[in-house]
Amino acid sequence: MKRIYVNEKWCLGCHLCEYECAFAATGLDDMVKALKGRPIHPKIRVEDAGEVHFAVNCRQCKDPVCVRRCISGALTKGEDGVVRIDREKCVGCLTCVLVCPYGAVMPAPDGHAAMKCQLCTDNVCGEPNCVRHCPNQAIVFEERA
Amino acid sequence: MEMYISPEYEVVRDHDRCIACRVCERQCANGVHTFDADSGRMVADSAKCVNCHRCVCLCPTHALKIVKSEDTYKHNANWDNRTINEIYKQANSGGVLLSSMGNPNPYPIFWDKLLINASQVTNPSIDPLREPMETRLWLGKRSAKVERDARGKLKNTLAPQLRLEVPILFSAMSYGSISYNAHESLARAAEELGTYYNTGEGGLHRDFYRFPNTIVQVASGRFGVFKDYLEHAAAIEIKMGQGAKPGIGGHLPGAKITEDVAETRMIPQGSDAISPAPHHDIYSIEDLRQLVCSLKEATDYKKPVIVKVAAVHNAAAIASGIARSGADIIAIDGFRGGTGAAPTRIRDNVGIPIELALAQVDQRLREEGIRDEVSIIAGGSIRSSADVVKAIALGADACYIGTAALLALGCHLCRSCQSGLCNWGIATQRPDLVKRLNPDIGYKRLVNLVTAWKHEIEEMMGGMGINSIEALRGNRLMLRGIGLNDRELGLLGVRYAGENM
């Protein structure tokens, strides 16, 4: 399946992807209206350590620990390979947040459920917005063996 | 006391649009933008801004613009702001003023005073989308002799040639003055386009030995010149001068001599790389001939040798000498050519326009019957495909582009290369800045640019009824002057607009 990969060599640590992710989730067409004056809750996070920058988001694991550990059946891996979360079923126990080895599942801002990257299949973008707006093509969406 | 000099440009932020994402802050190597936690707002210090537009381009809400400051000294047509500020800077520092990129002053641009012909009725124009259109050409000596072997078969006596698919090459920019990633972008683009890039005087990084389309430079500092360097070249260029700074050498500050650059240049890390003004072994055409012949001998007479000179007052006589020195190609660099650093006074006051130098060189070589001994590459601010067409009609075989190529890579002509803090990852060696130029993106943009120019060149050629770039060379009847005096028309060898054949 096509996944989001990050080439550390080209990641500048500009954090634009975080804002593009948060923007995509709002479904609005104006970033100012969507994000001005509000804290953002992106599903991709750039980790910085000195000169090293790396954007981290869900790997859409082959055998996702989060899905296995979900106590309510809210997390599933679809036939397309995308790991999705059903907010209606999620009870907000946040076990998935604890078990994800990448820290790629996080509590949703309302605190009642978890959230994660679903490759922008859950919004109007259609293709991952972080990939589309990465200024240095550090984030790519591609098939890898 | 240091005189305060107010900034030339101001950063203007639309706070209604700014979402304080701090991308501008993270992307500015000059430290212009900061986040003020107390007010929750971004603030900018315009005094540090070089106007490179990195923040403007990356701002996701387009909340930034940079404007010319309205702050001004009492208006004076003689002592303008810039002139006064330069005096203050020199009084502050006692130093020579440094500048980068090409001469920005409002000298006449002759390209813009030349108009191109087109066919109407009496000879048909050609549609390049439907009919063959040849932009391929060869650079080198064309003076082959007819000689036959014992069996009467023709011997190949043609000197080595460079094959170009477009009449455009990337001009010399050294590793050190520009980054590894900029070099990789140029090399890969040149390979895909079927043309050449030029190492400049900084040596050739081992990683680039794999490219078959490298022109290597032998300059007065001889940096990085050794056997492998010459062997991995398609052609060798002797740099006698550079349009941006005729008559002087080069100085790459030690801060840019990183480990990799030092190894490539074969000089100690952190030491200043100083190229002498002259080649200390060249004081005459005869001396030049010795170097040309040595380089040919060293490479088994398989590679063309280019001699690059700045366009100066006696360009035509100098070119005549070069043509007789055994060189295969002459590169002429006009006074608007770019540089990674040059003394401001030299850049802005020394040399002559490429248009006049080129026309005179071509004319002189023809008059002396030695035009076929050499090809001519013209450079020094070729800004568009129209400039290329006009240069070829004035007598060039091909054109070097440097500034245009850097613009394609993201350069915004802020002219601060000498600081080494290029926010676009081009004129810098700082690893965190270099990585901002991803060659996968950069090379594609260069290919796009030259491909677009090629299409435009074909359209213009087709309009003139010419289907081969070689048929345009020196074809000055395809040009007419506008707004030029008789002397200028004479030097350019073109007629005034409206004059018939």
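First the proteins, then the strands, lettered A, B, ... as listed; each starts at 1.
Of the two parts of A:Asn7, neither the backbone nor the side chain holds a non-hydrogen atom closer than 4.5 Å to a non-hydrogen atom of chain B. Heavy atoms of B:Leu433 lying under 4.5 Å from chain A are absent altogether. With a 4.5 Å cut-off on non-hydrogen atoms, A:Lys33 does not touch chain B at all. There is no contact between B:Ala63 and chain A, counting heavy-atom distances below 4.5 Å.
At most 12 heavy atoms of other shown residues, nucleotides or ligands fall within 6.0 angstrom of atom CD in B:Glu259. When the shell of 6.0 Å around CG of A:Asp29 is examined, it contains 12 or fewer heavy atoms from other residues, nucleotides or ligands. Atom CZ of B:Arg41 is surrounded by 12 or fewer heavy atoms from other residues, nucleotides or ligands within 6.0 Å.
Atom CD1 in A:Ile40 sits 7.5 Å away from atom CD1 in B:Ile19 (nearest 0.5 Å). Interatomic distance, NZ of A:Lys9 versus CG of B:Asn438, reported as 8.0 Å (0.5 Å rounding). Separation of atoms CG (A:Leu35) and SG (B:Cys18) is listed at 11.5 Å; rounding is to 0.5 Å. One distance of note links CD of A:Glu51 with NZ of B:Lys435; it measures 7.5 Å at 0.5 Å rounding.
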May I have the step-by-step check of side chain to side chain contact (heavy atoms under 4.5 Å, CB included) for A:Glu18 and B:Val23, ending in yes or no?
-> CA-CA 11 Å; A:Glu18 296 176 354; B:Val23 167; over 6 Å; no
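With a 4.5 Å cut-off on side-chain heavy atoms, A:Val32 and B:His62 do not count as touching. B:Pro60 is listed as a side-chain neighbour of A:Glu20, based on a closest heavy-atom distance under 4.5 Å.
Residues B:Leu58 and A:Pro135 come closest through the heavy atom pair CD2-CG, 3.9 Å. In terms of heavy-atom proximity, A:Tyr19 sits nearest to B:Ala20 at OH-O, 3.9 Å.
The candidate with the highest count of non-hydrogen atom pairs below 4.5 Å against chain A, out of B:Glu25, B:Arg436, B:Gln27, is B:Arg436.
Within residues 175-200 of chain B, the residues having any heavy atom closer than 4.5 Å to a heavy atom of chain A are B:Asn181, listed by residue number.
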